[in-house]
Q: 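Questions regarding the structure given below will be posed in turn.
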Amino acid sequence: MKGFLQYFMNYGLVAAVVVWAAVVALMAYHLDESPWRWVFVALSLAGVATVAGIFRIRRYIDGLAKASEQKNP
């Protein structure tokens, strides 16, 4: 159970944003001839960009932690 909790803490936010972006993309797909279609597409792409930003920030923080560990043995 501890492994699941750690996995959920690491990737729960990412999963929630991916599901949200997928739902918004499906809404955009079903909005034929609507002026809101491209707004929903843009929101979906913003969700994907948010996930990429989360991973980039996580990689940066992990790099800081590794540098701190190497500096202080």
Side-chain angles (χ1 to χ4, degrees):
M1 189 61 149
K2 193 171 189 172
F4 173 75
L5 183 60
Q6 185 66 34
Y7 185 78
F8 181 75
M9 292 299 289
N10 286 335
Y11 297 105
L13 176 63
V14 171
V17 172
V18 167
V19 168
W20 173 84
V23 169
V24 172
L26 281 174
M27 289 190 320
Y29 178 75
H30 289 289
L31 283 175
D32 291 333
E33 303 297 325
S34 174
W36 290 97
R37 183 177 199 167
W38 297 110
V39 174
F40 281 93
V41 169
L43 284 171
S44 178
L45 292 175
V48 172
T50 300
V51 169
I54 289 170
F55 281 129
R56 181 178 232 175
I57 291 169
R58 180 177 292 158
R59 188 174 17 167
Y60 176 73
I61 290 173
D62 288 344
L64 288 177
K66 287 180 184 178
S68 176
E69 288 175 1
Q70 290 175 354
K71 187 176 181 182
N72 300 324

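Just so you know, residue 1 is the first one in the sequence shown, and it goes up from there. All values derive from a computational prediction rather than experimental measurement.
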Q: Check for a donor-acceptor pair, side chain of R58 on one end and backbone N or O of N10 on the other, with a separation under 3.5 Å.
A: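 Checked: pair present.
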Q: Count I, L, V, M, F, W, Y as connected when their side-chain heavy atoms are under 4.5 Å apart, and connections chain through other members. Are L43 and L45 then in the same cluster?
A: no
Q: Are Y29 and V41 close enough, and set up right, to give a side-chain contact (heavy atoms from CB on, under 4.5 Å), and what steps lead you there?
A: CA-CA 8 Å; Y29 178 75; V41 169; over 6 Å; no
Q: What are the two closest heavy atoms between G47 and A21, and how far apart are they?
A: CA-CB, 4.3 Å
Q: Hydrophobic cluster membership, with links at side-chain heavy-atom distances under 4.5 Å among I/L/V/M/F/W/Y: are L31 and V24 in one?
A: yes
Q: Step through the shown structure and confirm whether more than 12 heavy atoms of other residues, nucleotides or ligands are within 6.0 Å of CH2 on W36.
A: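 Count not over threshold, so no.
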Q: Quick one: do V18 and L26 end up in the same hydrophobic cluster if we chain Ile, Leu, Val, Met, Phe, Trp and Tyr together by side-chain heavy atoms under 4.5 Å apart?
A: no
Q: Roughly how far, to the nearest 0.5 Å, is the CZ atom of F8 from the CG atom of L13?
A: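 Here the rounded value is 9.5 Å.
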Q: Do the side chains of V48 and V51 join up, straight or via other hydrophobic residues, at under 4.5 Å, putting them in one cluster?
A: no
Q: Could you measure the distance from the CD1 atom of I54 to the OH atom of Y11? Nearest 0.5 Å is fine.
A: 11.5 Å
Q: Is F40 reachable from V23 through a run of hydrophobic residues whose side-chain heavy atoms are each under 4.5 Å from the next?
A: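 They do not share one cluster, since no chain of ILVMFWY contacts under 4.5 Å joins V23 to F40.
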